[in-house]
Engineer: 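Handing you this structure, nothing more for now.
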Amino acid sequence: MPLRLLKYAWKKSEDEPRFFPEEKPLKTSYDVVIIGGGGHGMACAYYLAKEHGITNVAVLEQGYIGGGNTGRNTTIVRSNYLTSEGVKFYDESLKLFEDLSTDFDLNIFYSTRGHFTLAHTDSAMRTMRWRAEVNKHHGIDSEVVDVDTIQKEVPYMDMSCNGQHPVMGALYHAPGSVARHDAVAWGYARGAQMRGVEIHQKTKVSDIKTKSGKVVGVQTDRGFIEANSVVSMVAGSTPRITEMLEIETPIEIFPLQACVTEPVKPFMDTIVVSGSLHVYVSQSSRGELVMGASVDPAELHSTRSTLDFVEGLTDQMMDLFPFTSRLKIMRQWAGMSDITPDFAPIMGKTDVDGFYLDAGWGTWGFKATPISGKTMAYTVANDRPHELIKPFSLDRYANFELVGEKGAASVGH
Amino acid sequence: MMRRLSPQPLEWINRSQSVTFVFEGEEIKGFDGDVISSALWAQGHKVLGRSFKYHRRRGLLSFANHDINVMLQTADTPNVRGDVVQPEQGQTYKAVNTFGSLAQDKGALVEWISKFLPVGFYYKAFYSPKFLFPKWERLIREMAGLGTVDTSWGERRQPKRYRHCDVAVIGAGPSGMAAAIAAAKQGVDVCLIDENPYIGGSLDYQYANEEALEVTRDDLKTTIAEMDNIQVITSAFVAGFYGDNWLAVNSQQGLIKLSAQSVVVATGVFEQPAVFRNNDLPGVMNASAAQRLMARYAVAPCKEAVVLTANPEGYRAALDLIKNGVVVKAILDTGCGENSWSVPVKQAGIPVFENAAIIEAKGRKALQGVVYAVNGVQQSLDCDGLLMSVGWAPAGAPLYQAGSKFAYNAILEQLLPQELPQGVFACGRINGVFEIVDQIKDGQQAGMAAALAVQDKSVPDFTDYTATRAHSHSYPIWQHPKGKEFIDFDEDIQIKDLKGAIAQGFDNIELMKRFSTIGMGPSQGKHSNMNGIRLLAKLTGKSIDQTGSTTARPMFHPTEVSHLAGMRFRPERLTPMHAFHQQAKAKFMEAGVWLRPEYYATESSREASIAAEVAAVRNAVGLIDVSTLGKLEVFGRDSAELMDRLYTMRMSNMAVGASRYALMVDDSGVVIDDGVAVRYSDEHFYVTTTTSTSDSAYRMIQKKVIEWGLKVTVLNRTGQIGAMNLAGPNSRQLLSQLTDLDLSNEAFPYLAMRQAKVCGVDATFIRVGFVGELGYEIHVSAQDAEHVWQQIMLLGESFAIKPFGVEAQRQLRLEKGHIIVGQDTDGLTNPFEANMPWAVHFKKTYFLGKPSLVRLKTLQKRILVGFELLSAAADDMPLESNLIIDDGEMVGRVTSIGRSATLQKVIGLAMVELACSQVDSELTIKLSDGRMVSAKVVKTPFYDPQGLLQKPQESALGGAA
């Protein structure tokens with residue numbers, strides 16, 4: 001019995017302090033308004049308050065805390081990306097993740113499981129090796145492993161894939177982890193609000209007002225708020241925000257779906273991803289297999305589930321894990337991924353003074369939660385981009401300075 | 001103790017056939033038609049499972065196909081549902097998630113420490129010290145989870161079926177049956193789907209003993225049986241209601257993908273348990289559970305019952321108990337018990353207590369009595385059965401998934417659907433209609449409307465049959481100072497847990513769910529969400545509508561992976577020459593969906609075989625099957641315009657009878673495809689794509705044709721045409737004996753295209769040089785391809801011909817410095833970086849990617865170069881993707897590498913920064929193990945730099961042709 005739980009012998013959980021304050025009226029002005037109360041928005045607010053002393057901050061969320069892609073992803077954290085820019089960025093994120101539970105005084109169930117990205121073709125093997133070499137160059141624990149090594153770690157996997165596209169090797173990333181996604185958002189939210197940040201749920205932004213090219217405030221369904229700094233951290237809703245300011249981005253919205261099985265006793269410790277089979281899977285601490293595939297084939301601004309997804313996923317799953325045919329799919333859901341042409345995010349300042357963008361999170365947003373919050377907070381506080389996010393500026397598209405992350409981000413969550 | 005009743009009028013069991021199985025080591029005898037739970041209950045078992053968290057004993061609760069506390073394990077299946085699955089003869093079942101046995105479950109120790117485990121306790125501990133977390137996590141994981149997976153189980157797959165119908169009716173209760181008949185009478189095709197093995201629904205268990213309804217029942221069932229245009233699908237549930245009325249119907253035989261023009265949702269309602277202390281004791285159950293037990297399986301729920309009710313249905317259940325000889329000790333009515341069934345109940349001498357409140361259930365291993373209050377006065381009764389009839393929640397998942405919203409009806413105290421999407425209708429109790437006659441009328445109008453919608457006829461206005469009194473208690477929750485009032489039985493969630501969650505700020509329905517896990521178990525909140533909403537609304541002072549509900553996502557019930565996956569179908573494409581390759585000992589490799597010979601195992605080793613193939617091409621002649629290339633035919637008035645716009649090189653000025661390298665980039669200037677284009681006539685082109693891009697290129701081109709509004713037709717002829725490349729110094733001599741075509745340099749120069757017969761069949765010849773020798777790509781119809789191949793091989797024997805595979809071709813092309821798109825290029829490579837500036841014709845006004853390439857030309861930072869290794873030690877051989885390092889920084893990577901048999905060197909291509917791209921620059925390559933090896937940049941092609949061999953003079957060929 002951990003000591004921390006002993007106090008509940010005489011203390012009711014109802015008497016615990018609130019994570020989030022009760023609803024209260026909006027103020028008429030804030031120093032910073034963050035649009036989007038997901039992980040990124042909450043993390044940005046947290047670091048603004050904690051590291052930059054900026055606490056007159058409102059986080060506006062049209063739904064509820066962490067109800068967007070923060071609560072819809074499959075919770076994988078890793079840093080074995082393909083580009084130097086990506087590797088450095090995600091590695092910082094992973095390091096922050098490792099300490100979040102103690103920072104928050106809240107267990108986010110950060111569980112290091114080891115992450116295999118399987119290769120079934122020569123060309124996939126080349127990409128894995130490329131990633132491994134770039135990773136190792138930056139000191140990331142990442143290597144190409146052969147079939148025997150994989151089989152030893154995941155003895156119940158059918159390496160022959162039922163006779164077609166057999167596994168040829170894998171990229172193995174020992175620090176690959178899963179975490180309780182909701183708790184990450186809650187932890188940041190609680191930490192931010194304890195430091196004075198206001199969180200307003202069910203508050204929808206309908207316009208962003210500017211005056212001579214500078215942000216002056218946001219219009220919400222609960223009234224107008226003055227603010228000279230506005231940060232958009234809304235993933236799949238980004239086009240709706242950027243069009244308010246006539247900012248063009250190359251973002252396209254594709255649904256990304258996931259599903260879970262009924263809970264079963266633990267048997268799978270590692271995270272397994274196969275780009276060729278469009279499968280990634282881990283087992284949650286509740287015992288469910290959490291599974292996903294690649295984004296849907298067509299653009300769509302919707303979170304509706306499709307049958308195709310769950311049919312395709314279960315079919316391909318069985319090539320690797322035939323015994324999963326005895327399990328049942330309990331629930332499926334979808335999120336809206338804001339995909340960029342180079343599969344890297346868009347972060348930093350924009351042409352509109354005082355408007356900051358954190359978007360283009362596609363299928364890789366959760367794992368960047370801490371670092372994007374931290375670097376965006378820095379960027380807002382200093383009105384200049386943090387070193388780590390300079391390569392991810394919006395103007396890179398106009399300047400043809402793309403960050404080619406497709407080989408590491410497209411399916412490999 | 002046997003609880004089997006005398007035969008019931010509508011029972012589902014076949015008493016002439018018994019089924020024997022083993023449960024927790026004990027032999028159980030049931031009847032054919034029993035589910036596992038009914039057979040166990042009949043034999044006197046009350047403890048059928050243990051709860052998820054505290055391992056409390058649990059019996060039947062809803063008995064409506066979502067009793068998650070009764071889940072069993074067999075040797076080959078986890079999480080078998082006791083209330084759904086019929087026992088298999090001889091099968092052995094064990095309760096899931098017990099430590100020891102169901103009777104002696106060590107997991108129950110958790111309850112002893114339950115006060116240390118408040119809601120979300122796992123968020124509040126176990127993370128410090130950090131190094132202990134993995135141990136705690138392991139323990140928590142072991143405690144969580146229900147059934148057990150044996151990873152040695154083999155694959156199971158169930159075929160799927162497609163079905164189409166005009167009207168699908170989900171749910172075959174009274175309103176659903178009436179809807180199906182009404183729709184069918186309009187002449188449309190109807191599918192009537194029900195999750196139970198028989199149609200009838202509540203008419204058959206709730207009204208089993210209503211003699212007045214016998215005629216109605218017979219009428220409905222007979223009509224359905226007689227109508228040819230009603231297809232009844234039983235033991236099947238709609239797992240998901242997807243876009244465009246696409247229903248995933250999960251039957252025991254597999255998934256039926258049902259496409260319906262209109263859908264009638266008659267799924268009814270789920271009975272909701274009352275929430276009070278020890279409401280989970282075995283013996284406490286929903287009234288409808290008891291009714292199902294009696295009507296379907298002829299099993300008595302108990303001997304002595306108390307009925308807690310807030311609606312007329314509780315009295316109906318009491319009458320059923322009485323009829324079956326169960327002693328009803330009292331009716332505890334939370335209001336004033338006046339309704340049509342209360343009269344006979346009272347006449348039977350059953351005490352009815354109005355304004356009653358339940359305080360707690362008593363009992364150790366099972367229910368032994370209840371404590372209640374009437375008008376504030378506490379009383380108690382002994383009983384072994386407590387039936388709860390306090391309200392209903394819509395089985396609304398299909399409607400939610402279809403996109404309709406629900407709003408709270410304060411008269412009924414129930415959520416009712418609002419604004420149904422087009423083509424979707426609802427009827428019966430989900431619609432708030434509770435009288436059987438009304439349910440039938442409501443079903444009729446919904447069925448009729450659904451059929452009229454299919455026929456594009458206008459739908460008459462609906463009559464409102466919504467009940468005028470409450471059938472649900474507005475707040476069936478009675479808190480007890482000692483707790484243990486369960487709201488969610490899947491997850492062992494009590495009032496205090498939700499209160500704790502709400503108090504900590506999780507006061508939004510979705511946040512409450514995520515923090516407390518209410519509704520996240522396998523029943524997905526069917527028995528718990530409504531009470532959760534009521535509690536949250538009460539504690540936050542909001543209305544039910546303001547509180548809202550969570551999203552009901554697929555699956556309706558958990559659905560077998562084997563059903564969703566269906567049969568395995570991995571199409572594989574074979575070229576027309578596949579049989580030859582097999583005979584010639586080809587080792588195949590997968591190339592997208594194709595199988596291609598990687599090499600022919602003619603020598604002692606893979607390397608030796610490949611070397612022999614390379615040597616044959618360089619010194620004699622070789623033949624490779626290139627049928628897998630994508631092949632597109634382009635014709636029409638604007639074909640030249642299309643070709644110009646698609647490819648970086650100008651195609652419109654290509655002469656008829658010529659070929660040209662076809663390089664394609666995307667909007668951002670990145671190389672995405674290459675091939676060869678030929679011109680058959682002014683308005684007729686033929687172009688190849690790489691093997692892997694044939695489908696995507698074809699799709700993209702079709703899209704562009706529409707976007708650009710061009711008058712042109714594009715055909716994907718990949719599978720219709722077979723192709724082979726005959727290459728080597730002897731190729732012309734060999735080919736000349738199989739065709740009448742003049743193969744001389746003058747008549748058929750390098751890069752020209754000719755159409756003529758080969759081996760008696762029509763063919764297109766293209767003089768190409770991918771492998772760097774005199775060569776001819778020969779395209780013939782797929783059915784002739786094997787014949788032509790065979791003839792060439794046969795005649796080729798005297799020219800020392802060898803078939804060669806992909807690996808030899810890769811080496812041969814590397815010696816020529818030719819790129820492979822996707823290997824030597826990556827997701828950002830443009831033609832300048834690929835060292836092919838010659839392939840970009842900027843003089844064209846437009847081509848795909850031109851605006852980007854104009855900019856990229858000035859921004860070039862890296863380039864593809866050839867290199868050779870300075871050291872040739874075998875263990876110093878770099879691999880493709882190894883990095884090139886300069887002064888500790890990454891400056892590039894190896895994209896291709898190989899040991900050239902021809903040149904006796906290790907050569908390769910590398911993408912490097914411009915600064916180190918000069919010929920003779922030294923490159924340092926970092927091997928995978930960290931060691932460094934040296935190479936230097938050299939000019940490409942490595943082999944035959946002037947290209948003399950691919951366009952030899954006549955004299956060099958000994959006057960052939």
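A note on names: the letters A, B, ... follow the listed sequences, proteins ahead of strands, and every chain is numbered from 1. None of the values given here were measured: they were computed from a predicted structure.
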Engineer: Please evaluate residues B:E155 and B:R157 with respect to the criterion salt bridge (charged side-chain N to carboxylate O under 4.0 Å, His left out), reporting the C-alpha separation (whole Å), side-chain torsions for both, the decisive distance (0.1 Å), and the verdict.
Structural biologist: CA-CA 7 Å; B:E155 167 181 277; B:R157 285 175 180 271; 3.2 Å; yes
Engineer: For the pair B:F515 and B:Y123, name the ring-plane relationship: parallel under 30°, tilted 30 to 60°, perpendicular over 60°.
Structural biologist: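 Parallel, since the angle between the ring planes stays under 30°.
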Engineer: Let's test your reading of the structure: which of B:T540, B:T148, B:L879 forms the most heavy-atom pairs below 4.5 Å with chain A?
Structural biologist: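 Heavy-atom pairs under 4.5 Å are most numerous for B:L879.
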Engineer: Of all of B:M143, B:R138, B:M71, B:M589, which one pairs up most often with chain A through heavy atoms under 4.5 Å apart?
Structural biologist: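 Maximum pair count with chain A is reached by B:R138.
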Engineer: List the steps and the verdict of salt bridge (charged side-chain N to carboxylate O under 4.0 Å, His left out) for B:K257 and A:D308.
Structural biologist: CA-CA 11 Å; B:K257 297 168 70 170; A:D308 293 30; 5.5 Å; no
Engineer: Taking the side chain as C-beta and beyond, is there a heavy-atom pair between B:H563 and B:K160 under 4.5 Å?
Structural biologist: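 When only atoms from C-beta onward are counted, B:K160 and B:H563 do not touch, as no gap falls below 4.5 Å.
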Engineer: Testing the 3.5 Å rule here: is there a donor-acceptor pair between the side chains of B:S516 and B:D497?
Structural biologist: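 No, because no side-chain N or O of B:S516 sits under 3.5 Å from a partner of the opposite role on B:D497.
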Engineer: Tell me, for B:I885 versus chain A, whether the close heavy atoms (under 4.5 Å) come from the side chain, the backbone, both or neither.
Structural biologist: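 Interface part for B:I885: side chain.
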Engineer: Looking at B:Q823, B:K115, B:R141, which has the largest count of heavy-atom pairs under 4.5 Å with chain A?
Structural biologist: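 Of the candidates given, the most pairs with chain A belong to B:R141.
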Engineer: So which residue, B:F52, B:Y122, B:F121, ends up with the most heavy-atom pairs under 4.5 Å with chain A?
Structural biologist: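 Most heavy-atom pairs under 4.5 Å with chain A: B:Y122.
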Engineer: Could you tell me which portion of A:R304 (side chain, backbone, both or neither) has an atom closer than 4.5 angstrom to a non-hydrogen atom of chain B?
Structural biologist: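 Answer is side chain: those atoms of A:R304 sit under 4.5 Å from chain B.
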Engineer: Which answer fits A:S284, side chain, backbone, both or neither, if we ask what part of it has an atom under 4.5 Å from a heavy atom of chain B?
Structural biologist: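 Only the backbone of A:S284 comes within 4.5 Å of chain B.
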Engineer: State whether A:F19 and A:R190 meet the cation-pi test: NZ (Lys) or CZ (Arg) under 6.0 Å from the six-membered ring centroid, and within 45° of the perpendicular axis.
Structural biologist: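 Because its charged atom sits under 6.0 Å from the ring centre and within 45° of the axis, A:R190 does stack over A:F19.
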Engineer: Heavy-atom distances under 4.5 Å only: say whether B:N79 touches chain A with side chain, backbone, both or neither.
Structural biologist: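 When you check distances to chain A, atoms from both the backbone and side chain of B:N79 fall under 4.5 Å.
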Engineer: Would A:D105 and B:K124 satisfy salt bridge (charged side-chain N to carboxylate O under 4.0 Å, His left out), going step by step from the backbone distance to the final call?
Structural biologist: CA-CA 7 Å; A:D105 206 9; B:K124 309 197 169 184; over 6 Å; no
Engineer: Tell me, for B:D76 versus chain A, whether the close heavy atoms (under 4.5 Å) come from the side chain, the backbone, both or neither.
Structural biologist: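 Looking at B:D76, backbone and side chain both touch chain A.
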Engineer: Testing A:R326, A:M291, A:K328 for side chain to side chain contact (heavy atoms under 4.5 Å, CB included) with A:T261, which one passes?
Structural biologist: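 Result for side chain to side chain contact (heavy atoms under 4.5 Å, CB included) with A:T261: A:M291.
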Engineer: B:L856 versus chain A, heavy atoms under 4.5 Å apart: side chain, backbone, both or neither?
Structural biologist: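 Just its side chain gets close to chain A.
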Engineer: Under 4.5 Å, counting heavy-atom pairs only, tell me which of B:K861, B:M520, B:Q401 racks up the most with chain A.
Structural biologist: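 Sorted descending by pairs with chain A, the first entry is B:M520.
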Engineer: With a 4.5 angstrom heavy-atom cut-off, is it the side chain or the backbone of B:E880 that approaches chain A, or both, or neither?
Structural biologist: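 For B:E880, the contact with chain A is made by backbone and side chain together.
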Engineer: Measure B:R568 against the heavy atoms of chain A and call it side chain, backbone, both or neither at under 4.5 Å.
Structural biologist: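 The answer is both parts of B:R568.
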Engineer: Measuring heavy-atom distances to chain A, does B:E560 have an atom under 4.5 Å in its side chain, in its backbone, in both, or in neither?
Structural biologist: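 Contact with chain A involves both backbone and side-chain atoms of B:E560.
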Engineer: Taking side chain to side chain contact (heavy atoms under 4.5 Å, CB included) as the criterion, tell me which of B:V149, B:N97, B:L146 meets it with A:K265.
Structural biologist: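 The passing option is B:N97.
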Engineer: Start with the C-alpha distance between A:R113 and A:D269, add both sets of side-chain angles, then the distance that settles salt bridge (charged side-chain N to carboxylate O under 4.0 Å, His left out), and finish with yes or no.
Structural biologist: CA-CA 6 Å; A:R113 301 281 186 90; A:D269 292 335; 5.6 Å; no
Engineer: Which atoms of B:L927 come close to chain A, meaning under 4.5 Å heavy atom to heavy atom: side chain ones, backbone ones, both, or neither?
Structural biologist: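 Looking at B:L927, just its backbone touches chain A.
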Engineer: With a 4.5 angstrom heavy-atom cut-off, which part of B:E491 approaches chain A: side chain, backbone, both or neither?
Structural biologist: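 Contact with chain A is through the side chain of B:E491 alone.
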Engineer: Between B:Y242 and B:L247, is there a side-chain heavy-atom distance shorter than 4.5 Å?
Structural biologist: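 Contact flag for B:L247/B:Y242 side chains = no.
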Engineer: Assess, by modelled atom type and distance only, whether the side chains of A:T102 and A:D99 contain a donor and an acceptor separated by less than 3.5 Å.
Structural biologist: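 No donor-acceptor contact under 3.5 Å links the two side chains.
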Engineer: Counting only heavy atoms closer than 4.5 Å, note whether B:T517 contacts chain A via side chain, backbone, both or neither.
Structural biologist: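 Only the side chain of B:T517 comes within 4.5 Å of chain A.
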Engineer: Using a cut-off of under 4.5 Å for heavy-atom pairs, which of B:G243, B:A248, B:A239, B:G566 has the most such pairs with chain A?
Structural biologist: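 Highest number of pairs under 4.5 Å: B:G243.
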Engineer: If I measure from the heavy atoms of chain A, does B:P554 come under 4.5 Å with its side chain, its backbone, both, or neither?
Structural biologist: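 Both parts, backbone and side chain.
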Engineer: Given a strict heavy-atom distance threshold of 4.5 Å, which part of A:A398 is in contact with chain B: side chain, backbone, both, or neither?
Structural biologist: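 It is the backbone, since no side chain atom gets that close.
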